[in-house]
Amino acid sequence: MATYLVTGGAGFIGSHISERLLSDGHEVRILDDFSTGRDSNIDAIRGVGENRLTVIRGDITDAGTVNEAVNGVDGVFHEAALGSVPRSVADPGPTHDVNTTGTLNILVACRDLGVQRVLFAGSSSVFGALAELPK
């Protein structure tokens with residue numbers, strides 16, 4: 001089986017991806033700063049693969065932390081983000097740091113450490129508050 005890193009693994013989507021990977025017998029490493037993720041999401045999946053789950057409390061804007069988390073994985077599910085268009089307008093610096101610099105840190109670490117697979121999830125927030133569906 002493979003080892004996967006799930007950034008933002010304490011969030012709703014990341015924890016469900018982690019649960020599925022554990023259910024399929026893989027090892028999972030979660031990297032999350034818990035600014036929007038929850039311990040309860042991690043607690044809910046611990047029984048699925050306790051001995052195959054590692055949780056790293058850290059920030060994707062810290063290149064050293066990212067390198068440690070990426071080292072030795074077979075693939076990365078990049079779900080970490082700082083959402084909310086109103087937050088990004090009111091205080092753009094942190095949103096840029098996490099969503100842009102943090103993503104760059106993930107990609108550079110994967111390149112440098114030879115990780116061939118990165119799955120990135122985007123958000124409908126990029127489309128703004130459009131009334132028409134589908135966006």
Side-chain angles (χ1 to χ4, degrees):
M1 289 290 143
T3 300
Y4 292 101
L5 171 64
V6 181
T7 67
F12 179 79
I13 295 171
S15 64
H16 283 84
I17 291 170
S18 298
E19 180 179 33
R20 176 58 187 260
L21 291 168
L22 290 166
S23 294
D24 288 348
H26 300 290
E27 291 191 27
V28 173
R29 206 177 285 170
I30 289 174
L31 173 59
D32 203 302
D33 69 358
F34 289 84
S35 61
T36 59
R38 298 186 200 144
D39 283 311
S40 59
N41 289 337
I42 302 296
D43 293 341
I45 64 171
R46 283 201 188 277
V48 177
E50 176 75 34
N51 60 338
R52 291 178 283 110
L53 175 64
T54 303
V55 178
I56 303 166
R57 288 182 181 262
D59 192 332
I60 63 170
T61 64
D62 180 348
T65 299
V66 169
N67 283 334
E68 289 177 25
V70 169
N71 192 26
V73 302
D74 299 295
V76 175
F77 290 83
H78 180 39
E79 310 301 315
L82 194 54
S84 174
V85 171
R87 176 183 12 218
S88 72
V89 172
D91 193 12
T95 300
H96 173 83
D97 289 344
V98 171
N99 296 347
T100 306
T101 303
T103 298
L104 180 62
N105 287 342
I106 296 292
L107 295 173
V108 169
C110 288
R111 179 199 66 193
D112 292 350
L113 296 167
V115 176
Q116 298 294 307
R117 303 277 185 218
V118 177
L119 179 72
F120 171 78
S123 166
S124 63
S125 294
V126 300
F127 299 111
L130 297 176
E132 332 61 71
L133 291 175
K135 294 185 179 190

Treat each ILVMFWY residue as a node, draw an edge where side-chain heavy atoms are under 4.5 Å apart, and state whether [X] and [Y] are in one component.
X	Y	value
F12	V55	yes
V70	V118	yes
V108	V115	no
L82	L107	yes
L21	V73	no

Look at the side chain of [X] and the backbone N and O of [Y], then say whether any donor-acceptor pair between them is shorter than 3.5 Å.
X	Y	result
N99	A81	no
T7	E79	yes
T100	D97	no

For this session: Applying side chain to side chain contact (heavy atoms under 4.5 Å, CB included), run through F34 and I42 and close with a yes or a no.
Result: CA-CA 11 Å; F34 289 84; I42 302 296; 4.2 Å; yes
Exercise. Salt bridge (Lys or Arg N to Asp or Glu O under 4.0 Å): which pairs involve residues 29-38, sequence neighbours left out?
Worked result: none
Exercise. Using 4.0 Å as the upper bound for N to carboxylate O, is an ion pair formed by R20 and D24?
Worked result: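 Looking at D24 and R20, the cut-off is met.
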Using 0.5 Å steps for rounding, measure from the [atom1] atom of [X] to the [atom2] atom of [Y].
X	Y	atom1	atom2	answer
L22	E27	CG	CD	9.5 Å
N67	I106	CG	CD1	9.0 Å
T54	L5	OG1	CG	10.5 Å
E68	D62	CD	CG	8.0 Å
E19	N41	CD	CG	10.0 Å
S35	D59	OG	CG	7.5 Å

Identify the two heavy atoms, one from [X] and one from [Y], that lie closest to each other, and give their separation to 0.1 Å.
X	Y	value
G8	A80	N-CB, 3.6 Å
T3	G72	CB-O, 4.3 Å
A69	L31	CB-CD2, 3.9 Å
G9	I30	CA-CG2, 3.5 Å
G11	S15	O-OG, 2.7 Å

Do other residues, nucleotides or ligands put more than 12 heavy atoms under 6.0 Å from [X] [atom1]?
X	atom1	answer
R46	CZ	yes
R117	CZ	no
I13	CD1	no

Side chains of [X] and [Y]: closer than 4.5 Å at any heavy-atom pair?
X	Y	result
L119	F77	yes
H26	D74	no
T65	I60	no

For this session: Might you work through the side chain to side chain contact (heavy atoms under 4.5 Å, CB included) test for V28 and R52, ending with a clear yes or no?
Result: CA-CA 6 Å; V28 173; R52 291 178 283 110; over 6 Å; no
